[in-house]
S.K.: 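Sending over a structure as structure tokens; questions will come in a sec.
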Amino acid sequence: MEKNYHVCTGCGLLCDDIEVEAEKNIINKVLTACRIGVAHMKEGKGEAIFRVDNKPVDEAVAISEAATILKNAKNPLIFGLGASTNETQKIAIELAKKINATLDDTSSFCLGSLVEAIIREKIKTCTLDEVRNKADVIIFWGTDPSDSHPRHLSKYSYFPRGKEKQRGWEEERTAIAVDVRKSHTAKICGNYFFQIPPKGDAEFIDALIAGLSGKLPKTSYNYPPKKILELANILKGAKFGVIFAGRGLVNSLENLEPIFRLMKALNEKANFHLMPMVGSCNTMGFNENLFAETGYVNSVKFENGTVLHGPEYSIVESLKAKTVDAALIIGSDPFSILPGSIVKNLLEIPVVSIDSYETLTSRNSKVYINTAVSGVEAGGTATRMDRKKVSFEPFIETNHPSEETILKKIMEAL
Amino acid sequence: MDFGSFLTNPEIKVKIVTYRDIFQDKAMLENRFGEEYRNRSAIIKLDPADLKQLNLKIGDTVTIKNSFGSVVVKAEESGYETPHRGIAYMPKGPWSITLISDETGGTGVPKFKDISVTITSAKGEKVTEIESLF
Ligand code: SF4
């Protein structure tokens, strides 16, 4: 029987304190992880699956078919990689260069703009360990970690007794939620839940900024000024404040200016940090790796050694405008996350799906290669949502190839 | 007065807010083609007054429709204490995204937070299967 600490790749928190009881390559128990983590790590696997045109084939045939599709395409799209290791992501970037591909990940329609601002150091940020040890005022804005990053509050942001926060949430931390809906996280925040109407975030920010400088906060939806002033007062007193910003906030703004304004106003009165609530286990790594290579975090097109960038190279616009003629989708299921009206265009081009799970995308692809689960069956490194590097080793032997191996083989076959 | 209530099959207009649910995500990891994932995804949570106007009981099916798509899902009560007529909640996933506009203004970002639909009763009809969404 094995008993050791492992890393869960179930979400952007990359918890590294997971105990697993495994016998004969079968996981019997996953301890410490949350519901998502247990499901993610325990997912029983059968034989390795390789399919072409929905018929089982062997690995070599699947690889060669995938390579042919990419070779024949004039403008292939490579998409996904949010759950891939840094090593896999770097190979994918090389592959994209080699075949003049458009390369994008989910951050182009999620939190990419905010992550880019963090990487470019336009916004003050911090680590999760600092939050655990020091944070006294915590704002969850347009995000519900209780459902998306289930151990966020217990391991870092609210409940722990950190080094300088020995009296914990009861006395030393204030958790605040701003959202359009009373989420599970908002319930935990109790009276400090501020419910705003959909798309009401920018106005709420400006009202809050007014409140911070003692002016009367006004919104077109008549949010009670007294409540905003009360919030402003709590924020002013923060010794170590942090805003966890989710898609609910970013998707409701036209651009990031309101966030920049708010951070500036907060840091004139107090000490505030911001962290994007990056969802997948290594979206942050993808954004960093692509930035290091090209100066952009997503939505690029390689063209004979040059890099083009802009929304037209995002998955959404390139599918909408039908500018891509094949797709390699790695560890992502666009059919479950993008508007049906846009993603249906994927049905018109050959798709290669590389995934450790059967998805709507894998079922609608010409080639499907079923890969090992990172952290369980495959090793590597990933970057946590606060940019900390985490490495992991496989602890279950598998006949499923890793994404890294498959991408290398596709590269060779080209 | 709302004209919809005079129709034999009343129709209401709502805006949908999507959300994530840990139980749904867990079911997805276990089997996204399974019953549990469908039961946790193909639902819409309404204000009790909206349910009443549609002559529906909890668990009845409804058709949700706009110019981008149409799905049949189960209606539930939201359980929120503050009334929210005209706003409904759906978990993120294959059912709710069929209703999102393809209009992006060239930004690369769909209007995930802006879903306007009409809802009618679909009593007796079955929930749309995941396989028939695409
Ligand atoms: S919080 Fe995230 S990383 Fe931690 S156990 Fe749960 S799914 Fe895994």
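Every heavy atom of this structure was used, including side-chain atoms; hydrogens, water molecules and symmetry mates were not. Residue numbers begin at 1 in each chain, while the letters A, B, ... track the order of the sequences. Worth saying up front: this structure is predicted, and the values here are computed from it rather than measured.
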S.K.: With chain A, which of B:F68, B:W95, B:Y89 has the greatest number of heavy-atom pairs at distances under 4.5 Å?
M.R.: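 Looking at each of B:F68, B:W95, B:Y89 in turn, B:Y89 comes out on top.
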S.K.: Could you tell me if the side chain of B:I22 sits less than 4.5 Å from the side chain of A:P150, heavy atoms only?
M.R.: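 Heavy-atom side-chain distance check passes, below 4.5 Å.
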S.K.: Among A:I342, A:L347, A:N251, A:T359, which residue has the highest count of heavy-atom pairs closer than 4.5 Å to chain B?
M.R.: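 Ranked by contacts with chain B, first place is A:T359.
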S.K.: Evaluate the criterion side chain to side chain contact (heavy atoms under 4.5 Å, CB included) for residue pair A:V316 and B:V109; output intermediate values, then yes/no.
M.R.: CA-CA 7 Å; A:V316 166; B:V109 189; over 6 Å; no
S.K.: Apply side chain to side chain contact (heavy atoms under 4.5 Å, CB included) to B:F33 and A:L360, showing your working.
M.R.: CA-CA 9 Å; B:F33 299 97; A:L360 280 169; 4.0 Å; yes
S.K.: Any side-chain heavy-atom pair from B:D25 and A:D147 closer than 4.5 angstrom?
M.R.: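 A side-chain contact under 4.5 Å is absent here.
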S.K.: Near A:K199 NZ, under 6.0 Å, is it more than 12 heavy atoms from other residues, nucleotides or ligands?
M.R.: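 Counting neighbours around NZ of A:K199, more than 12 heavy atoms of other residues, nucleotides or ligands fall under 6.0 Å, so yes.
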S.K.: Counting heavy-atom pairs closer than 4.5 Å to chain A, which one of B:D21, B:N31, B:T18 comes out on top?
M.R.: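 Sorted descending by pairs with chain A, the first entry is B:D21.
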S.K.: Does atom NZ of A:K227 have more than 12 heavy-atom neighbours, drawn from other residues, nucleotides or ligands, at distances under 6.0 Å?
M.R.: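 Yes, enclosed.
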S.K.: Does any N or O in the side chain of A:S341 come within less than 3.5 Å of the main-chain N or O of B:I100, such that one atom is a donor and the other an acceptor?
M.R.: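 Yes.
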S.K.: For B:G106 and A:P311, which heavy atoms make the closest approach, and how far apart are they?
M.R.: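 The pair with the smallest heavy-atom distance is O-CB, 3.3 Å.
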S.K.: Could you grab the distance from atom CD of B:E30 to atom OH of A:Y357, nearest 0.5 Å is fine?
M.R.: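 Output value for this atom pair is 10.0 Å.
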S.K.: Highest number of heavy-atom pairs under 4.5 Å with chain B: which of A:D104, A:V180, A:N364, A:L338?
M.R.: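 Greatest number of close heavy-atom pairs with chain B: A:L338.
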S.K.: Evaluate whether atom NE2 of A:H184 has more than 12 neighbouring non-hydrogen atoms of other residues, nucleotides or ligands under 6.0 angstrom away.
M.R.: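 No - once you tally the heavy atoms of other residues, nucleotides and ligands closer than 6.0 Å, there are 12 at most.
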S.K.: In Å and rounded to the nearest 0.5 Å, what is the CZ to OG1 distance from A:F109 to B:T104?
M.R.: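 Going from the CZ atom of A:F109 to the OG1 atom of B:T104 covers 12.5 Å.
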S.K.: Can you tell which part of A:V38 gets under 4.5 Å to a heavy atom of chain B, answering side chain, backbone, both or neither?
M.R.: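 Nothing of A:V38, per the 4.5 Å heavy-atom cut-off to chain B.
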S.K.: Do A:R247's NZ or CZ and the ring of B:F112 fall within the cation-pi criteria of under 6.0 Å and 45°?
M.R.: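 Geometry flag: set, cation within 6.0 Å and 45°.
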S.K.: Please rank B:L133, B:T107, B:V17, B:L99 by heavy-atom pairs under 4.5 Å with chain A and give me the top one.
M.R.: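 Looking at each option in turn, the highest pair count goes to B:T107.
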S.K.: Which bit of B:Q24 comes within less than 4.5 Å of chain A, counting heavy atoms only: side chain, backbone, both or neither?
M.R.: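 Nothing of B:Q24, per the 4.5 Å heavy-atom cut-off to chain A.
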S.K.: Would you please test A:D144 and B:Y19 for side chain to side chain contact (heavy atoms under 4.5 Å, CB included) and show each step?
M.R.: CA-CA 9 Å; A:D144 174 23; B:Y19 66 94; over 6 Å; no
S.K.: Tell me whether A:F194 at atom CZ has more than 12 heavy atoms from other residues, nucleotides or ligands lying less than 6.0 Å away.
M.R.: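 Yes, the 6.0 Å shell around CZ holds more than 12 heavy atoms from other groups.
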S.K.: Below 4.5 Å, heavy atoms only, C-beta onward: do A:P198 and B:I87 meet side chain to side chain?
M.R.: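 Result yes, sub-4.5 Å side-chain heavy-atom pair found.
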S.K.: Among B:E131, B:K26, B:K92, B:K111, which residue has the highest count of heavy-atom pairs closer than 4.5 Å to chain A?
M.R.: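 Winner by heavy-atom pair count: B:K26.
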S.K.: Return the minimal non-hydrogen interatomic distance between B:R32 and A:D333, and the atom names on each side.
M.R.: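 The answer is NH1-OD2, 3.0 Å.
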S.K.: Looking at A:I26, I want to see if its CD1 is surrounded by more than 12 non-hydrogen atoms of other residues, nucleotides or ligands under 6.0 Å.
M.R.: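 At most 12 heavy atoms, drawn from other residues, nucleotides or ligands, come within 6.0 Å of this atom.
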S.K.: Within a 6.0 Å radius of atom CD on B:E35, are there more than 12 heavy atoms belonging to other residues, nucleotides or ligands?
M.R.: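 No - once you tally the heavy atoms of other residues, nucleotides and ligands closer than 6.0 Å, there are 12 at most.
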S.K.: Considering only heavy atoms from C-beta outward, does the side chain of B:H84 approach that of A:Q195 to under 4.5 Å?
M.R.: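 The answer is no, as the side chains (C-beta and beyond) never meet within the 4.5 Å cut-off.
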S.K.: How long is the straight-line distance from CZ of B:R20 back to CD1 of A:I36, given to the nearest 0.5 Å?
M.R.: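 Nearest 0.5 Å value for the CD1-CZ distance: 6.5 Å.
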S.K.: Is it the case that A:R363 places NZ or CZ above or below the six-membered ring of B:F134, under 6.0 angstrom from the centre and within 45 degrees of the axis?
M.R.: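 No - A:R363 does not lie over the ring of B:F134 by the 6.0 Å and 45° rule.
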S.K.: Around atom NZ of B:K57, are there more than 12 heavy atoms from other residues, nucleotides or ligands closer than 6.0 Å?
M.R.: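 Atom NZ in B:K57 is not packed in, count stays at 12 or less.
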S.K.: What part of A:I337 lies closer than 4.5 angstrom to a heavy atom of chain B: side chain, backbone, both or neither?
M.R.: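 Backbone only.
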S.K.: Do you know which two heavy atoms are closest between A:E317 and B:G108, and how far apart they sit?
M.R.: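 Here A:E317 and B:G108 meet closest at OE2-N, 2.8 Å.
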S.K.: Measuring only between side-chain heavy atoms, which start at C-beta, is A:R181 closer than 4.5 Å to B:Y80?
M.R.: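 Of all side-chain heavy-atom pairs linking B:Y80 with A:R181, at least one is under 4.5 Å.
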S.K.: Which atoms of A:K320 come close to chain B, meaning under 4.5 Å heavy atom to heavy atom: side chain ones, backbone ones, both, or neither?
M.R.: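 The side chain, not the backbone.
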S.K.: Please look at B:S41 and chain A and tell me whether the side chain, the backbone, both or neither of the residue comes under 4.5 angstrom of a heavy atom of that chain.
M.R.: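 It is neither, since no heavy atom gets under 4.5 Å.
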